[in-house]
Amino acid sequence: MQSAAAAAARSGGNTVDPLIRAAGESGALPAWAHLDEERLRHTERVVALLDGWGRELELSQDELVRWRAAGHLHDALKSTDPIELRAYVEPADQWPDPVLHGLACAARLRLEGVRDESVLTAIAYHSTGHADLDLLGELLYLADYLEPGRKRDSDRAAALRDRLPGDRRAVLQEVAAARIRYLLEQRLPILVTAIEFWNRLAREECAGG
């Protein structure tokens with residue numbers, strides 16, 4: 001588990017940003033958030049997973065607030081027109097429509113003054129994975145994919161959830177592999193961030209870490 005000092009460094013200090021605190025404590029979203037009822041229910045399930053895993057890991061109250069905030073905010077722009085989202089994403093033509101919402105949300109939060117790099121990176125890359133994801137980012141990536149409302153293989157998802165947070169690295173490999181396998185089967189492009197994330201996981205496995 002990451003140390004308190006490491007968490008503070010990633011968040012840019014010892015205090016939780018007010019926007020992050022509001023989202024983490026009450027689920028309050030920025031005025032620019034745009035998500036429908038179905039997505040709100042998905043978000044609540046993701047937050048519940050993150051909160052439960054964070055408590056198992058014995059995180060501090062401020063860390064739990066940050067984790068819940070990442071869950072509440074990760075899909076805050078999911079229902080926004082991709083044309084609007086591309087105005088916040090650089091380079092705009094590198095990213096397919098389904099992943100724009102996380103990147104754009106992180107960019108909007110930066111414009112609001114949020115400097116918590118751990119939360120911002122987790123939100124930006126929760127759909128794709130990224131080599132720089134930390135513990136929060138990895139578990140948001142997993143919660144988004146494995147939350148019980150998803151229609152994909154529910155028995156397998158439940159079995160994977162039951163192994164978390166303790167067996168995080170092995171579950172990360174299984175989920176990342178499943179996502180890449182799906183893209184290959186559908187003959188869809190695989191983003192560089194997803195490949196780099198997989199390579200990091202594979203290197204850690206080879207190194208026994």
Side-chain angles (χ1 to χ4, degrees), residues 2 6-7 9-13 16-36 39-51 53-54 59 62-80 82 84-92 94-147 150 168 172 175-176 179 191-194 196-197:
Q2 64 183 353
R10 291 282 288 176
S11 66
V16 179
D17 180 274
L19 191 157
I20 298 300
R21 185 171 294 281
E25 290 182 343
S26 67
L29 297 176
W32 42 261
H34 185 204
L35 62 171
D36 58 27
R39 191 55 48 175
L40 277 171
R41 291 192 293 271
H42 159 76
T43 293
E44 289 166 1
R45 293 189 293 267
V46 168
V47 171
L49 285 176
L50 289 172
D51 185 70
W53 294 336
L59 298 185
D62 275 354
E63 284 295 280
L64 284 172
V65 166
R66 294 176 60 251
W67 282 37
R68 289 196 297 265
H72 280 296
L73 291 162
H74 80 284
D75 272 356
L77 290 175
K78 182 66 175 179
S79 302
T80 303
E84 295 181 35
L85 297 180
R86 288 188 184 279
Y88 297 97
V89 177
E90 293 288 342
Q94 178 179 322
W95 306 94
D97 288 355
V99 306
L100 288 171
H101 62 286
L103 296 156
C105 183
R108 292 295 302 263
L109 290 170
R110 287 185 190 281
L111 290 174
E112 297 281 345
V114 175
R115 294 295 179 265
D116 188 329
E117 292 300 326
S118 172
V119 170
L120 294 170
T121 302
I123 290 170
Y125 300 105
H126 71 270
S127 299
T128 65
H130 192 285
D132 290 339
L133 291 182
D134 62 4
L135 179 62
L136 165 57
E138 291 172 353
L139 288 176
L140 177 59
Y141 173 86
L142 292 175
D144 180 61
Y145 186 83
L146 295 174
E147 62 92 349
R150 294 287 197 185
R168 182 185 88 258
L172 274 168
V175 170
R179 285 183 150 177
L191 294 170
V192 171
T193 52
E196 291 175 345
F197 184 51

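All of these numbers come straight from a predicted model, not from anything done at the bench.
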Exercise for review: Measure centre to centre between the rings of His34 and His101, then say whether the value is under 6.0 Å.
Suggested key: no

Point to revise | Intermediate values then yes/no, side chain to side chain contact (heavy atoms under 4.5 Å, CB included), Arg21 and Asp62 | key: CA-CA 8 Å; Arg21 185 171 294 281; Asp62 275 354; 3.0 Å; yes

Check your understanding: Under 4.5 Å between any side-chain heavy atoms of Glu90 and Leu103, yes or no?
Key -> no

Check your understanding: Is Arg86 close to Asp97 at the side-chain level, that is, under 4.5 Å between some pair of heavy atoms?
Key -> yes

Point to revise | Any donor-acceptor pair under 3.5 Å from His72 side chain to Ala69 backbone | key: no

Check your understanding: Will you find, in the side chains of Asp75 and Thr43, an N or O donor that is under 3.5 Å from an N or O acceptor?
Key -> no

Exercise for review: Output the distance between atom CG (Leu140) and atom CG (Asp134), rounded to the nearest 0.5 Å.
Suggested key: 10.5 Å

Study note, to complete from the structure: Of all heavy-atom pairs linking Ala106 and Ile123, the shortest is N-CG2, 4.2 Å

Check your understanding: Can you find a heavy atom in the side chain of Trp32 that is under 4.5 Å from one in the side chain of Glu112?
Key -> yes

Study note, to complete from the structure: For Ala76 and Leu35, the nearest pair of non-hydrogen atoms, with its separation, is O-CD2, 3.9 Å

Practice item. Could you check if a side-chain atom of Leu49 sits within less than 4.5 angstrom of a side-chain atom of Leu142, using non-hydrogen atoms only? Key: no

Practice item. May I ask you to establish whether Arg179 and Tyr141 are in a cation-pi arrangement, using a distance under 6.0 Å from NZ or CZ to the six-membered ring centre and at most 45° from the ring axis? Key: yes

Point to revise | Donor-acceptor under 3.5 Å (Arg115 side chain, Arg110 main chain) | key: yes

Practice item. Would you name the heavy atoms of Ser118 and Leu136 that are closest together and state the gap between them? Key: OG-CD2, 3.7 Å

Review point. Would a 4.5 Å heavy-atom cut-off, applied to side chains only, mark Leu120 and Val114 as touching?
Key: yes

Point to revise | Test: Arg66 and Glu63 ion pair at under 4.0 Å | key: yes

Practice item. Would you check if Trp53 and Leu135 make a side-chain contact, meaning some heavy-atom pair closer than 4.5 Å? Key: no

Practice item. Please state whether the rings of Tyr125 and His130 are parallel, tilted or perpendicular, taking 30° and 60° as the class boundaries. Key: tilted

Point to revise | Nearest atoms (heavy-atom pairs only) where Val99 meets Ser127 | key: CG1-CB, 4.0 Å

**Study point:** Arg150/Asp144 ion pair, N-O < 4.0 Å
**Key:** yes

Review point. What are the two closest non-hydrogen atoms of Ser79 and Asp36, and how far apart are they?
Key: OG-N, 3.1 Å

Exercise for review: Check whether any side-chain heavy atom of Leu77 lies under 4.5 Å from a side-chain heavy atom of Tyr88, and answer yes or no.
Suggested key: no

Study note, to complete from the structure: Between Leu73 and Pro30, the two heavy atoms sitting closest are CD2-CD, 3.7 Å

Review point. Can you find a pair of side-chain heavy atoms, one from Thr128 and one from Thr193, that are under 4.5 Å apart?
Key: yes

Practice item. Working to the nearest 0.5 Å, report the span between CG of Leu29 and CG of Leu40. Key: 7.0 Å

**Study point:** Spacing of CD belonging to Glu25 relative to CD1 belonging to Ile20, to within rounding of 0.5 Å
**Key:** 11.5 Å

